[in-house]
Participant: 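Please find one structure pasted underneath; my questions will follow.
A note on names: the letters A, B, ... follow the listed sequences, proteins ahead of strands, and every chain is numbered from 1.
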Protein chains: 2
Amino acid sequence: MTLQKHTINDVAKLAGVSKKTVSRVLNEEANVRESTRLVVMQAVESLGYKPNPQARGLASNQSFLIGLIYDNPNKSYVSDVQEGALTACEEHGYHLLIQPMIHDQNDVVDKIESLIYSSRLDGLILTQPFSDNKSLNTLLKKINLPYARIAPTEMMDDSLNVVCNDVESAYQMTRYLISLGHIKIGFIVGHPDHPVSQQRLNGYIKALQENKIEYDAKYVQQGFFDFNSGEDCARRLLSLEERPTAIFASNDYMAAGVLKVASQKQISVPHQLSVAGYDNAPISSYIWPALTTVKQPVTQQALMATTLLIQTIRKKMPEETTINLENQLIIRESTAPF
Amino acid sequence: MTLQKHTINDVAKLAGVSKKTVSRVLNEEANVRESTRLVVMQAVESLGYKPNPQARGLASNQSFLIGLIYDNPNKSYVSDVQEGALTACEEHGYHLLIQPMIHDQNDVVDKIESLIYSSRLDGLILTQPFSDNKSLNTLLKKINLPYARIAPTEMMDDSLNVVCNDVESAYQMTRYLISLGHIKIGFIVGHPDHPVSQQRLNGYIKALQENKIEYDAKYVQQGFFDFNSGEDCARRLLSLEERPTAIFASNDYMAAGVLKVASQKQISVPHQLSVAGYDNAPISSYIWPALTTVKQPVTQQALMATTLLIQTIRKKMPEETTINLENQLIIRESTAPF
DNA sequence: CTCAAAAATGACACCGGTGTCATTAAAGAA
DNA sequence: TTCTTTAATGACACCGGTGTCATTTTTGAG
C-alpha cells in the first residue's frame, strides 16, 4: 500500500539532498545537475510521492485552478468545451472549476469576482456571451487576472482569443443553399443576447447580397436558440403566401423545430423544403432527415484557449494571442436542389 | 477596490481579537460569545476578507474538493448530474472536480487513485458504471475515502447510495404498453457494461410474466445505448414476420433510432407502432412524434448524493445512508392503443 | 595551477490558516 | 463570598511546500 504519507522531506532524505533541491527537480527549474535529477526522480518514484497542492499553492501563491464560465442551454456544446479545457488542464497539471452562470442576472460580474477571490483562480476561460461582456473584461483587466475568450466578436488586442468566423460559415451555408437553386431562403436568428446571432445573420445577408437576392424581412424570424422558438418561427415562415423553399436556422435545435413543423404540415424535407442548422449538435444526426449543418471545432477551440491561458499564467507568453480555427460545412439529407 | 490583500491577521487586528478567534467564527465553532462573533463578522465584512483555501487546506488537511467520476456518452445526463452536484457543493463551500473516464480502460482504478492523491480529494461521487465497480469500491474503502454512489445496483450497507428503481420503472412502462393492448412488445437492451441495462430488462420481463405474456427472445435485441444501435435493433425487430406493435428501448437515443427506422419503413408511429424510451433526454421532446419515456430526477439525485457525501465528510453522519427517489412516466405522442 | 565567474546546492524564513493546550473570564455550587 | 466547573479566548507550533540569499562546487580563462 503506497499510502500518501510521504512529504518532500522523506524524498529529500532518501535522495540525500535538501528539500529545496527536490522542489527544483519537481518544478523543472534550471541549474540542477542531471545526476542529482535522476537520483531525486528515483526517490520520488519509489516512494510514490505526490506533492501537496495546498502547500504548493500557499507557498507560491497559486491555486493551479482555472475557471470555466458558461451559460449555455446547449449541453453538448458545454460538454465539448469542458472536454477540451480538461484535456489542456490535465496536460499541464491544472484543474478545472466549472461555473455555470446566468448571464443576464444583474450581479454576474460580482459573482464572478467573488468566485475568483474565494477560489484564488489562476485564470479564467470565458465562453459566450461572457466573452463579450464589457464590464467583466474591464474587471479582469483591472485585477490583472489572465483569461482567454472563446468566440469573441469584439477584439481586444492584448487579450487571448480563440475566434471562429461565424459570418464566414453562415455565408458559406447560405451560398450553398443558393447554389442548390433556392432564392426564397428563410432565416431564423439566434438569441439576441448572443453576439454570434448577429454574425450568423450577417453571413446570411452577405451571401444574399453577393448573389443579388433582395433581403426580405418577412423571411427573417427572431428565435432564441431553443427548440420551441424554432417551431414558432417555422410556423410563421411556412404560413407565408410565398413560403420559403429553404430555411436556415442559427442552430440545430431550432432547425429540429422546423423539421417538426414541416412534418406536421406535411411538407416533405428535403423535397419541398430544405433545412439547414448550425453547430452539429448530436440531435442533428438523430433526427430524420439528418440535418445539414455547420460543425465548429469546439473541443479544439477550448483546448487551444486553455493552452494559451496556461502559457500566459506561466509567463511563457504565447507567440499568437489570437487563434482562428476553421468551421466545416456538413452536408446531410435535409437539403436538396430546388 | 476591495483587493484581496487581507489576511486573517488584518481581520483579527481590526476586531481586536486573536486570529484563532476569527478562525473560530468563520468555521462556526462552538464557544464563541455572540458579541465577539458580531464584531468579527463586521470586521470580515468591512475588509471583504476571504479566507485563503490553500492555507486552510494545508492546516486542516482538507482540500474542499469533491471529485465527480463519469463515463457517459449522454451529455445531457452528465450535465444534469453536474448541475446537482455543483449546487450542493456551492451550498457547503466545496468545489467540484469533474473527471470523465473511460470505464473499460484497464487502469481506471489506478488513475482514480492517482487523482485522489494528487488532488487530495475530500470525497468522490460515482456514477454508473463506476458505482458498481468492485475493485474501485474496495480501494475507496481501504483508503477510507468518503464516497457516494448514484444508481448502484449492488448494495453495500455502509456506503452512501442514491438509488433509483429501474426495475420498477421499466415494469411500469411495460405495463402501460400492455394496458394499451400491446402483446408483441419489442425490447432493446442497453449497453451490457451498464448494470441498469439488466434492471430495465428485468422490469420488462416482470411485467410480461405478471400479464401472462410469454417471453419471446426474438423480441429482445441487444443495443448499446446509442442511436445507431437503436436503428440496428429496430431494423431487426421490424423485419420479423410477426413484427412487434410496440418497442420499448432502454434509452431515448435508441428509441430515436427506432423512430427513424419506422419512418424509413413507412410505419406510422404511434398508429402502427408504439415506441417508448427511457431517460427523458432533451431529444425525446425534439423529435416527432415526441417520445413517451421515463424521467429520472437526475439533478435531484446528484444533489442528494453530494449532500450526503459532504455531511459524511464533515462527520455529521446523515440519518439515511440510502435515498430512493421516484421516477416518473412521461406519456407523450409516440404511444397509442393497439 | 590559480582565481574569478558561473553553476549547483542548501539553510531558513515564510505563505495563511488550524490544532493543541494553556490561560483567563464567566457561571454555578456550596 | 469563595471555590469549582465550564465557557471563552489566546499563544504558538505546525501543515508542506517555495523564495531568497548564502554557501559550496564546478568550470574555464589566463
Participant: Any side-chain heavy atom of A:I143 sitting closer than 4.5 Å to one from A:Y117?
Facilitator: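 Heavy-atom side-chain distance check passes, below 4.5 Å.
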Participant: State whether the side chain of A:T127 and the backbone N or O of A:I69 hold a donor-acceptor pair below 3.5 Å, judged by distance alone.
Facilitator: yes
Participant: Quick one: does B:D132's side chain get under 4.5 Å of B:N137's, heavy atoms only?
Facilitator: no
Participant: Could you go through the side chain to side chain donor-acceptor pair (under 3.5 Å) check for B:R56 and B:N27 one step at a time?
Facilitator: CA-CA 11 Å; B:R56 236 151 77 88; B:N27 291 288; 2.9 Å; yes
Participant: Write down the distance between CD (A:Q54) and C1' (C:dT18), rounded to a whole number of angstrom.
Facilitator: 13 Å
Participant: Could you give the CG-to-P distance, from B:N61 to D:dC15, as a whole number of Å?
Facilitator: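 Going from CG in B:N61 over to P in D:dC15 covers 11 Å.
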Participant: Using whole Å, what does the distance between atom C1' of nucleotide C:dG17 and atom CZ of A:R120 come to?
Facilitator: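 Rounded to whole Å, this separation is 11 Å.
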Participant: Are the side chains of A:Y94 and A:L96 in touch, meaning some heavy atoms are under 4.5 Å apart?
Facilitator: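 SC-SC contact between A:Y94 and A:L96 ruled out.
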Participant: To the nearest angstrom, how far is B:D10 atom CG from C:dG16 atom P?
Facilitator: 9 Å
Participant: Establish, with yes or no, whether the OP1 or OP2 oxygen of C:dG16 is under 4.0 angstrom from a side-chain nitrogen or oxygen of B:N52.
Facilitator: no
Participant: CD of A:Q62 versus C1' of D:dG17: gap in Å, rounded?
Facilitator: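 Interatomic distance, CD of A:Q62 to C1' of D:dG17: 12 Å.
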Participant: Out of D:dG17, D:dT9, C:dG17, which nucleotide sits closest to the side chain of A:I8?
Facilitator: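 The nucleotide sitting nearest to the side chain is D:dG17.
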Participant: Looking at residues 17-27 of chain A, who's got a heavy atom less than 4.0 Å off DNA chain D?
Facilitator: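 Going residue by residue through residues 17-27 of chain A, the ones with a heavy atom under 4.0 Å of DNA chain D turn out to be A:K19, A:K20, A:S23, A:N27.
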Participant: 5'-most contact on DNA chain D: B:R37 or B:L58, nearest heavy atom basis?
Facilitator: B:R37
Participant: Quick check: on DNA chain C, is the nucleotide nearest A:S35 upstream (toward 5') of the one nearest B:R56, or the reverse? Name the residue that is more 5'.
Facilitator: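 In this pair, the answer is A:S35.
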Participant: Determine, step by step, whether A:S114 and B:K50 satisfy the side chain to side chain donor-acceptor pair (under 3.5 Å) criterion, reporting the C-alpha distance in whole Å, the side-chain angles of both residues, the deciding distance to 0.1 Å, and the verdict.
Facilitator: CA-CA 9 Å; A:S114 171; B:K50 311 252 164 147; 2.9 Å; yes
Participant: Roughly how many Å is it from NZ in A:K50 to P in D:dG16, rounded to a whole number?
Facilitator: 17 Å
Participant: Would you indicate, yes or no, if D:dT9 has its OP1 or OP2 atom less than 4.0 angstrom from a side-chain nitrogen or oxygen of B:T36?
Facilitator: yes
Participant: Using the rule given for side-chain contact (heavy atoms from CB on, under 4.5 Å), can you reason through A:S119 versus B:H95, listing the C-alpha separation, both sets of side-chain angles and the distance that settles it, and then say yes or no?
Facilitator: CA-CA 9 Å; A:S119 302; B:H95 288 298; 2.8 Å; yes
Participant: Tell me whether the OP1 or OP2 atom of C:dA8 has a side-chain N or O from A:R33 closer than 4.0 Å.
Facilitator: no
Participant: Whole angstroms only, please: what is the CG-C1' distance between A:L47 and D:dG16?
Facilitator: 15 Å
Participant: Would you say a side-chain N or O of B:N31 is under 4.0 Å from OP1 or OP2 of D:dA8?
Facilitator: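 B:N31 to D:dA8 OP1/OP2: side-chain N or O found under 4.0 Å.
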Participant: Rounded to the nearest Å, what distance is computed from the CD atom of residue B:E29 to the C1' atom of nucleotide C:dT20?
Facilitator: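 The answer, rounded to whole Å, is 12 Å.
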